[in-house]
Every structure is written in C-alpha cells, then in structure tokens.
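Quantities reported herein were computed from a predicted structural model and do not represent experimental measurements.
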Amino acid sequence: MGKNRKRYFLIKRIKKMNMWFIANIFVIFLLSLMSIYSSTIPKGPGFFKKELLWFVISAFVFIGFALLDYHKYMKYDRYVYLFNVLMLLSVFVIGTKRLGAQRWIDLGPISIQPSEFAKIFLVLTLASYMEKRSHERFEGFKAMTFSFLHMLPIFGLIALQPDLGTSLVLLIVYATLVFINGLDWRTIFILIVAAILAVPGSYFFLLHDYQRQRVLTFLHPGEDMLGSGWNVMQSMIAIGSGGIDGKGFLQNSQSKLRFLPESHTDFIGAVYLEERGFLGGVALLFLYLFLLIQILKIADDTEEKFGKLICYGIASIFFFHIFINLGMIMGIMPVTGLPLLLMSYGGSSLVFAYMMLGIVQSVKFHRG
C-alpha cells in the first residue's frame, strides 16, 4: 500500500511538470549541441560525446532536485552553508590552476568547478535566512549588515580564486534577494551611491593585473588586437559575418580556422550567431526570455516567501549570465569568463543549470 501511494504521488508530480518549460530547456540544449559539434569538429568527437554524457547526468539531476521538497533546504540550511564553505576551501587544497586561476578540482576524467554550485547554495541559504527573519522589519544598515555577513565568506573565497565573474553574480543575487525581500528606498539609494564611489578603489586595489587588463581591453579594444583584445575582436568578426540569417550549420570559419579560442565554452554564442545570424540570435533571446518568464511566474504564484526568493534568485543568476556573456561576445561588456548557461560546453555549468531548474520545478510541485 505504501509503495502504491508513493508511486501515485510520483506520477501526480510528474504530471504537474510544465511541458513548455521542459521543451524550452530542451530546444536551447539542442542548439547548444549543434554549436558545440560545429565548433569542435577539428578537435575530434570527444567534446560532443562528453556533452551528451553530461546531458544525461544533468537530466537525472533535474528530476532528482525537482522531486526533492525544497523546504528541506531551509530545514538543513546550516549544513548547506557549511558544505558550501568547505567545498570552496577544498579548491585551495586539492584544486588545479588554469589560466592563472585556481577554481577546478580534477576527479580523473572529469573536473568540477565548485564556484558554479556556490551560487545556488548561497541562494538557498540566504533565502532561508530571510524567511526565518520575515517577522522582523528589514530596513536600514543593520539588516543589510547581518545579511551581507551571511554572504561575505562565500564571496571572499570565490574572489580569492580569483573569479571576478562569479563574484559579480553573487553581488547581483544578493541585491536581488534583498530588494525582493523588501528594503526601504533610502537605504537602497545610499547603497547605490556607495557602490558607484567604490568602483575606482575596487579597480586599483581589489582587481588582479589580468582583470584590470580585461577592463582596459573592453574600454580600448583596438589598442591590443593581437593580445588581450584578440578573443573579443575575433568574436565580433564572427558575429558580423553571420549577417541576417547566418552562414549555416558547420559554416563557422572563425572557429574552424582557430582564430577564436574557447569557441565551445565562453564564446559559444559567437559560433551560434555566425551560423544562425541575427534572426537566430533573436530566436535564442526569445527562448531565454520565455524561460525567465516561466521562472518568475512560478515565483509570483508562490505565496511562501522562501520559495519566491529561491525562484527570483535563480532567475537573477540566469539573467546575469545571459546578459554578461552575450554582451562580452559582442564587445559591449568586459570579458569575465561567465558561461552562457545551457549553451556553453562544460559539465559543471550544465549540471549547475539543470540543478537550478530542477529546484524551480520543486517550488512548483511543493509550494504551499
């Protein structure tokens, strides 16, 4: 009888799954597979096969997190937070350094990037922190200070790797959750002014040399076209050559001729736009917009603050990744190394994206 009851609830929850949501995710991933295959042909089929394997793993991750009641994250928020800190600390002990940053942990044939998962863990614990204090008046610098101290250790450990892109994502997530949770406009205005005034000091004293070079390259891309500005210039050439309707599948010259480094990861959008053109880019933006709308609709239909904050936090992560990555490949944003979620090659980013989307579905299934 117990097994039949569990099976009944499982089937009921699966039926509640939004098929438009699933179809939206799947279409974006199909476009990703085509672009990854096209950009990695000269390197052999290995990348394509690995991405397929990661997709299978990610699908199980999505289902698992969708069926798991999201209220458990609030019940065990201390353990989630502790795991997040230990995971980031482990990078400095057993992590490997690539391109001047120590962000990855090699596990034989695969490697994981803990900072990717740190973002969603912070959303869960910060949302829990705000939910448990929902009876308190959240305004002024006292409330801001305590909530910021919750984020500070995670932010500091990621900034030390260093990982500028993820550090910025954490700040955006924090600002989004604080705003949605409710903060008086006077404090918001003071914080915005303080953030603007802090930019010069952050540039000179907090950024590493290569990060400052990225900012300078963004401001003056033509001054070092054969050095730090090479990737962005080649990306812009690829996008411009795509025209209105693109060159067609497998016709990306910048990637195949190896003018565009990291074409299957950070610059996968340039490969896609070269092959699909402006119209393909509009279609991709529409797919991402539709995905964000569905996440926000689930948030707005959720009366409980915890579930609402989780969905808004996840939506802010997706939005920032999309905005920064597409701006980066078009030369209107500095290079930060943020992947285009659901499109860029990489096991950590794919599992991370599907994990977040599974948690959104969990909110839909288990909300009050």
Side-chain angles (χ1 to χ4, degrees), residues 17-36 38-39 51 54-55 58-59 61-62 65-66 116 119-120 123 165-166 168-169 172-173 176 180 235 238-239 242 244-246 263-300 310-333 335-346 348-361 363-364:
M17 196 170 287
N18 188 333
M19 290 299 110
W20 284 108
F21 188 81
I22 303 299
N24 194 351
I25 299 168
F26 189 67
V27 170
I28 294 175
F29 182 71
L30 282 180
L31 296 176
S32 167
L33 272 183
M34 294 172 68
S35 298
I36 290 170
S38 181
S39 64
E51 192 72 357
W54 279 115
F55 172 70
S58 299
V61 168
F62 173 83
F65 278 92
E116 287 290 329
K119 289 175 276 193
I120 181 58
V123 167
T166 301
L168 291 174
V169 172
I172 293 298
V173 166
T176 300
I180 297 299
S235 174
I239 294 170
I244 297 296
D245 53 359
S263 59
H264 58 301
T265 54
D266 294 348
F267 290 90
I268 192 69
V271 175
Y272 173 82
L273 291 171
E274 184 178 4
E275 293 187 345
R276 306 297 171 185
F278 174 78
L279 295 178
V282 171
L284 182 63
L285 281 176
F286 176 80
L287 288 169
Y288 275 121
L289 179 61
F290 188 49
L291 181 65
L292 289 173
I293 289 172
Q294 291 181 89
I295 295 173
L296 294 177
K297 186 179 186 307
I298 291 172
D300 290 339
I310 287 175
C311 288
Y312 271 100
I314 290 173
S316 69
I317 292 173
F318 268 97
F319 174 79
F320 195 69
H321 271 261
I322 296 163
F323 179 77
I324 293 296
N325 185 277
L326 293 181
M328 176 186 76
I329 66 173
M330 291 187 290
I332 58 175
M333 295 295 292
V335 175
T336 58
L338 285 179
L340 184 56
L341 292 179
L342 299 177
M343 281 287 288
S344 293
Y345 172 85
S348 291
S349 65
L350 193 64
V351 172
F352 162 64
Y354 277 85
M355 178 181 170
M356 289 194 297
L357 295 172
I359 292 172
V360 170
Q361 284 296 294
V363 173
K364 184 177 185 297

Query - Any side-chain heavy-atom pair of H321 and S349 under 4.5 Å - result: no

Query raised in the report: Are the side chains of F55 and F26 in touch, meaning some heavy atoms are under 4.5 Å apart?
Result: yes

**Report entry** Which residues share a side chain to side chain contact (heavy atoms under 4.5 Å, CB included) with L292, sequence neighbours left out
**Finding:** A315, F318, F319

Query raised in the report: If you take all heavy atoms of S32 and L342, which pair is closest and at what distance?
Result: CB-O, 3.2 Å

Query raised in the report: Going from CD1 on I293 to CZ on F21, what distance comes out if it is rounded to the nearest 0.5 angstrom?
Result: 12.5 Å

Requested in this report: Report yes if some heavy atom in the side chain of L273 is under 4.5 Å from a heavy atom in the side chain of I329; otherwise report no.
Outcome: yes

Query raised in the report: Going by heavy atoms in the side chains, are V27 and F290 under 4.5 Å from each other?
Result: no

Report task. State the CG-CZ distance between L357 and F65, to the nearest 0.5 angstrom. Result -> 12.0 Å

Report summary line: In this structure, OG of S35 is separated from CZ of R276 (nearest 0.5 Å) by 6.5 Å

Requested in this report: Please name the pair of heavy atoms, one in G313 and one in S316, separated by the smallest distance, quoted to 0.1 Å.
Outcome: O-OG, 2.6 Å

**Report entry** Test item: N325 side-chain N/O and L338 main-chain N/O as donor-acceptor pair under 3.5 Å
**Finding:** yes

**Report entry** Distance (rounded to the nearest 0.5 Å) between L341 CG and F352 CZ
**Finding:** 6.0 Å

Query raised in the report: Does F267 reach the side chain of V271, with side-chain heavy atoms less than 4.5 Å apart?
Result: no

Query raised in the report: Do I120 and V123 come close enough that some side-chain heavy atom pair is under 4.5 Å?
Result: yes

**Report entry** N/O donor-acceptor pair under 3.5 Å between Y288 side chain and I28 backbone
**Finding:** no

Query raised in the report: For M328 and D266, which heavy atoms make the closest approach, and how far apart are they?
Result: CE-O, 3.5 Å

Report task. State the CD1-CD1 distance between I172 and I324, to the nearest 0.5 angstrom. Result -> 7.5 Å

Query raised in the report: Do K119 and F320 have side-chain heavy atoms sitting under 4.5 Å apart?
Result: no

Query raised in the report: Under the side-chain contact (heavy atoms from CB on, under 4.5 Å) criterion, do D300 and Y312 qualify, and how do the steps go?
Result: CA-CA 9 Å; D300 290 339; Y312 271 100; 2.7 Å; yes

Report summary line: In this structure, CG of L287 is separated from CG of L30 (nearest 0.5 Å) by 10.5 Å

Requested in this report: Taking all non-hydrogen atoms of both residues into account, name the closest pair between Y354 and F29 and its distance.
Outcome: OH-CB, 3.8 Å

Report summary line: Minimal heavy-atom distance between C311 and I295, with the atoms involved, is O-CG2, 3.5 Å

Report summary line: On a heavy-atom basis, the closest approach of H264 and I36 is O-CG1, 4.4 Å

